[in-house]
Amino acid sequence: MGKRKFQPAGNAPGRVAGRSPAPSKNSYPNSKGINKSPSRPNNLAARPNPAYTGAAQSTTTTLTRQTTSQVRLSAAPARPNPAFDAAVLQRPAHGTIGLEQMTQELPRVSREALAGFTYPRLDSHYPSVKIQRVVREALALPPKTAGTAWPGLSVRRVGAGLLFLVVVTFLLRLSLAGMQSAYMDESSFILTGRYLFEQQAIYAGALNWSYGSYLWPVIAGLSAMAGGLEMVRVFTALCGVLMVLATGLFTARLLPRRPGGERNWGAAFLASLVMALLPTAIGLGRFGTYDNLAGVAFMGGLALLIPASGSESNRRNRRFELLPAALLLFVAFLAKYLDAIYFPVICLALIGVGWKTRNLRSNLTWFVGPLSLACFLYFMLFSRELLNLLAFSTSYEDLASPQPWREYVAERLEIWALAIVAAFGLWQVRRNKLVAGVCVGGAFVMVAFQAVARPDFDYWKHSIYLIFFLAPLAGLALAPLAARLVNFYRTAWPRPNRHQVFVGLILAGISLGFLFMSVRESQKLVSFYPNLKPSLGAIQEHTAQAKKVLTNDGALRFYLYPRILTEFVTDPFFFQYQGKEGMTAYKAAVTDRYFDTVVLAEGSGPQGRQLREELTGLLSHYYRPVYASPAGNDSQVMIYRPVAGEVSAPAASLLANSKVYLFDAGHSGWGGQPENGELKPGGQVKVSRTRLYQDHATLEFQATADTSILGVKEKLEIRQVKFWVYIEPASQESGPVPVGIFGFDANWGWHDDGFKQTVTPGEWTELTWDLKAPGQYNEIGLKFAGKPLTAYLGKVIAIS
């Protein structure tokens with residue numbers, strides 16, 4: 001654009017040749033509609049100025065903002081000012097600037113000329129204008145003009161967006177949190193905190209097996225004492241909200257500013273939305289564990305480490321950001337030790353940046369030094385417990401998964417989709433070393449940790465760190481599309497056209513579908529644990545007079561405390577009885593009817609499942625079942641009370657030389673096997689309580705022409721197998737049905753009983769197979785006739 005010169009007033013004062021009179025309202029930014037009172041002029045009143053002659057001193061000057069987003073000066077001075085005119089008219093048309101900034105960029109003679117003019121003191125007479133200007137400058141919001149990345153973005157709309165994020169995030173995490181009972185980790189943390197306050201004791205040597213300090217147990221214990229498990233989950237839901245906001249702040253500070261100088265708030269909002277809606281983040285916010293506190297402290301600390309603007313990266317004094325960042329990261333470490341894997345990388349990065357920008361002393365003094373010192377002091381105070389934990393973690397395999405592909409890929413497709421979208425955002429900022437280094441480096445650290453550590457079921461909890469580092473790039477990639485949608489709907493209200501309605505319906509359907517799938521997946525994650533909630537009333541009733549309780553689910557301790565102290569509630573991890581330890585001690589105690597009540601569910605890990613399987617036979621002899629109820633995932637809650645009076649000793653095989661399968665607590669690994677497929681535990685079977693065997697639940701099996709095998713995969717040393725089978729009569733004339741017993745040996749060789757035994761429909765029949773080749777077998781089971789029928793399995797005993 002060429003230079004435009006001011007022309008002397010030719011027709012009337014205050015007019016520029018060829019233009020209409022100046023508007024009566026001042027269009028100074030953030031002062032729309034101020035000139036409503038005739039007693040307060042809205043023009044720039046003249047006063048003596050050495051830069052102008054007497055004729056110019058009586059001239060009225062007005063700053064106007066044209067539709068082209070350029071600032072122009074309309075006036076009728078006695079003589080033109082080419083320097084002022086050129087500086088203003090050649091301003092790039094990317095948005096309106098403030099008066100102070102504009103005057104600083106003008107030539108000195110023009111600044112002196114403007115200094116002679118006065119304008120209304122907006123700040124003192126209009127507080128709302130002052131507040132909006134302060135907030136707008138603090139957030140670097142773009143002006144309300146067309147042509148910006150997010151047209152119409154204002155303080156009010158930013159506040160509405162934050163409110164939307166907070167409400168949606170909180171409701172998604174808290175709405176279904178009450179459906180699930182406490183599970184082992186939750187109850188352990190709460191009990192650790194309550195023992196510290198109420199018993200002044202350490203619960204079960206917590207620091208020797210817990211991957212965090214006493215910080216979260218103290219918070220969880222106080223919350224539970226104030227409002228129970230619900231209050232703990234409210235706190236974790238609030239941590240989830242703060243994680244979403246921290247992700248937005250991290251994105252806004254990390255991404256480069258737009259050409260107009262404003263931060264990329266569109267990308268920040270989208271990044272926050274990613275953290276708010278992905279299923280693993282939702283699921284994590286529903287349980288009272290240390291993961292939530294660790295996540296929000298880590299994300300908040302990392303957001304503070306990012307310079308607030310590009311110009312601040314060279315500042316030497318950032319102590320008010322560095323020191324709080326070090327404190328937050330140390331809190332994250334205290335909550336969960338896992339966050340320490342990032343500390344060496346972050347400290348080395350800050351040392352390298354400080355070396356290049358001459359901020360090394362500040363970075364060392366206010367971040368690297370305090371964080372390192374705090375971690376060192378903590379290690380010195382708790383070195384014994386930390387070393388015990390390190391030794392424990394090398395042998396801990398309870399959560400190990402034999403299928404890494406399932407845990408990391410098949411069940412986490414949303415993380416891979418996020419990574420693909422983030423790759424497009426990375427391409428846009430490929431030349432920005434800060435953005436690329438932080439996002440890619442942060443994601444790589446977690447991927448490397450998972451590669452070195454064992455593949456386990458808890459990966460979904462760690463995936464929030466991948467979401468945090470990938471969300472800014474994904475927000476940057478999606479921001480242009482979102483901006484187009486905003487522009488598309490700017491004129492929609494109150495009467496949208498048919499194209500806008502059609503696109504809106506499609507977007508609403510896609511959004512609701514994604515939200516439904518995300519909530520369903522998050523619920524599947526947390527329902528992996530057995531749900532004791534439907535059975536809590538019966539548990540309280542049958543343990544009311546109990547002094548000693550045996551359970552294979554550690555969460556039961558939380559529900560019985562403080563009525564029954566935890567030392568009188570035996571879990572599946574460690575037990576000593578009459579000089580015996582391990583499974584021998586459990587069996588001896590059950591034989592002596594030492595426990596007043598036994599509560600078995602799916603169990604806390606492999607130890608819990610093993611305890612249920614090993615004790616089922618003995619419990620059926622010395623205890624009687626008094627309650628059974630489903631607990632989700634094909635598991636059941638079973639409550640046993642001791643049998644009164646004298647009890648004869650069971651067969652020796654029940655004590656040491658046999659494996660007994662009963663189905664009160666679930667399918668116990670039994671399931672159907674197709675003719676040309678693998679055995680699937682729980683396939684085509686269900687626990688039946690309408691057809692009982694000796695007051696025990698049975699396993700109902702629907703045999704078909706394609707699936708006629710019912711079996712279990714388990715390594716057993718056997719020489720004889722006994723089955724108790726019932727077949728539902730198909731008609732009154734039903735004759736005996738041939739049923740074969742088979743087994744696969746250690747080399748997966750087939751063995752059977754010759755298929756010479758039969759079962760009369762409508763009667764319980766005992767089938768026995770004396771193996772000609774006793775030894776270790778990988779699978780045993782029954783093969784029915786190749787026709788549809790309904791069979792019930794009451795009990796199985798494999799004798800070695």
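Keep in mind that what you see is a predicted model, and the values were worked out from it rather than measured.
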Does Q540 use its side chain to pair, donor to acceptor, with the backbone of Y559 at less than 3.5 Å? yes

How long is the gap from CG on D553 to OG on S187, to the nearest 0.5 Å? 7.5 Å

Can you measure from CG (L710) to NE2 (H667) and round to the nearest 0.5 angstrom? 12.0 Å

When W769, F755, W750 are each screened for ring pair (Phe, Tyr, Trp, His ring centres under 6.0 Å) with F742, the one that passes is W750

Exercise: do T543 and T597 side chains pair donor with acceptor under 3.5 Å: no

Please check if the side chain of S188 supplies one atom and the backbone of M184 the other of a donor-acceptor pair under 3.5 Å. yes

Intermediate values then yes/no, salt bridge (charged side-chain N to carboxylate O under 4.0 Å, His left out), E521 and R412: CA-CA 10 Å; E521 179 64 21; R412 297 277 67 83; 3.2 Å; yes

Donor on one side chain, acceptor on other, Q684 and Q702, under 3.5 Å: no

Donor-acceptor contact below 3.5 Å, side chain R173 vs main chain G283: no

Note, E728 side chain near L789 side chain (heavy atom, < 4.5 Å): no

From CG (L338) to CG (D458), nearest 0.5 Å: 10.5 Å

Over all atoms of both residues, closest heavy-atom pair of P279 and L525: O-CD1, 4.1 Å

Is there a donor-acceptor pair closer than 3.5 Å between any side-chain N or O of Q757 and the backbone N or O of T768? yes

Taking the basic N atoms (NZ, or NE/NH1/NH2) and the acidic carboxylate oxygens, is any pair closer than 4.0 Å for K524 and E411? no

Ion pair present between E678 and K680, side-chain N to carboxylate O less than 4.0 angstrom? no

Interatomic distance, K713 atom NZ to W670 atom CH2 [nearest 0.5 angstrom]: 13.5 Å

Can a salt bridge be assigned to the pair E675 and K783 using a cut-off of 4.0 Å between side-chain N and carboxylate O? yes

Note, N208 side chain near L389 side chain (heavy atom, < 4.5 Å): no

If you take the centroid of each ring, where Trp contributes its six-membered ring, are Y211 and Y290 closer together than 6.0 Å? no

Are the aromatic ring centres of Y594 and Y623 under 6.0 angstrom apart? no

Under-4.0 Å salt bridge between K587 and E614: yes

What is the distance from atom CZ of R641 to atom OH of Y627, rounded to the nearest 0.5 Å? 15.0 Å

Where A224 and I190 come nearest, the two heavy atoms and their spacing: CB-CG2, 3.5 Å

Other residues, nucleotides, ligands: >12 heavy atoms within 6.0 Å of W405 CH2: no

Checking the side chain of D596 only, and the main-chain atoms of A546 only, is there a donor and an acceptor separated by less than 3.5 Å? no

Please determine if R233 and E186 form a salt bridge, counting it only when a charged side-chain N lies under 4.0 Å from a carboxylate O. yes

Check the side chains of D592 and Y577 for a donor-acceptor pair under 3.5 angstrom, ignoring hydrogens and angles. yes

Any donor-acceptor pair under 3.5 Å linking the side-chain atoms of Y195 with those of T566? yes

For the residue pair E779 and L679, establish whether any side-chain heavy-atom pair is separated by less than 4.5 Å. yes

Give the C-alpha distance, both sets of side-chain angles, the deciding distance and a yes or no for side-chain contact (heavy atoms from CB on, under 4.5 Å) between V598 and L619. CA-CA 9 Å; V598 177; L619 286 172; 4.1 Å; yes

Under the side-chain contact (heavy atoms from CB on, under 4.5 Å) criterion, do L699 and F663 qualify, and how do the steps go? CA-CA 6 Å; L699 193 67; F663 305 102; 3.9 Å; yes

Taking the side chain from N552 and the backbone from Q607, do they hold a donor-acceptor pair closer than 3.5 Å? no

Looking at S181, is its backbone amide N or carbonyl O close enough to the side chain of N531 to form a donor-acceptor pair, meaning the two atoms are under 3.5 Å apart? yes

Any side-chain heavy-atom pair from Y792 and W764 closer than 4.5 angstrom? yes

Less than 3.5 Å apart, any donor N or O on the side chain of Q199 or R194 sitting next to an acceptor on the other? no

Ignoring hydrogens and geometry, is there a side-chain-to-backbone donor-acceptor pair from T584 to K580 under 3.5 Å? no

Where I282 and L277 come nearest, the two heavy atoms and their spacing: CD1-O, 3.5 Å

What do the steps show when you test L172 against L515 for side-chain contact (heavy atoms from CB on, under 4.5 Å), and what is the final call? CA-CA 10 Å; L172 285 177; L515 185 61; 4.0 Å; yes

Counting N and O atoms only, with roles assigned by atom type, does the side chain of S708 sit under 3.5 Å from a partner on the main chain of T704, one being a donor and the other an acceptor? no

Smallest heavy-atom separation, T698 atom then G794 atom, equals CG2-CA, 3.9 Å

Can you confirm whether V599 sits close enough to L550 that some side-chain heavy atom of one is under 4.5 Å from a side-chain heavy atom of the other? no

With no hydrogens and no angle check, just 3.5 Å: does a side-chain donor-acceptor pair link D291 and T289? yes

Can you find a heavy atom in the side chain of L782 that is under 4.5 Å from one in the side chain of I709? no

Can you name the one residue among F189, Y183, W460 that meets ring pair (Phe, Tyr, Trp, His ring centres under 6.0 Å) with F287? Y183

May I ask you to decide if W748's main-chain N or O and D745's side chain share a donor-acceptor pair within less than 3.5 Å? yes

A410 versus L413, closest heavy-atom pair with distance: O-CG, 3.6 Å

Taking atom types as modelled, is there a side-chain donor on S668 or R612 under 3.5 Å from an acceptor on the other? no

Determine, using ring centers only, whether Y726 and Y693 are less than 6.0 Å apart. no

Can S522 and R286 be counted as having a side-chain donor-acceptor contact under 3.5 angstrom? yes

Hey, are the side chains of I539 and I639 touching, using non-hydrogen atoms and a 4.5 Å cut-off? yes

Any heavy-atom pair between the side chains of R624 and Y640 that's under 4.5 Å? no

Aromatic contact between H751 and Y777, with the criterion being ring centroids under 6.0 Å apart: yes or no? yes

Show, in sequence, the C-alpha distance, side-chain angles and deciding distance for D571 and R557, and conclude whether the salt bridge (charged side-chain N to carboxylate O under 4.0 Å, His left out) test is met. CA-CA 9 Å; D571 62 16; R557 286 181 165 183; 3.6 Å; yes

Could you check whether R691 pairs with E700 (Lys NZ or Arg NE/NH1/NH2 to Asp/Glu carboxylate O, under 4.0 Å)? no

Could you please spell out the steps behind the side-chain contact (heavy atoms from CB on, under 4.5 Å) verdict for E414 and M517? CA-CA 11 Å; E414 74 277 1; M517 291 188 295; over 6 Å; no

Please round to the nearest 0.5 Å and tell me the distance separating atom OH of Y661 and atom CG of L793. 11.0 Å

Can you see which heavy atom on L611 is nearest to which on T551, and at what distance? CD2-O, 4.1 Å

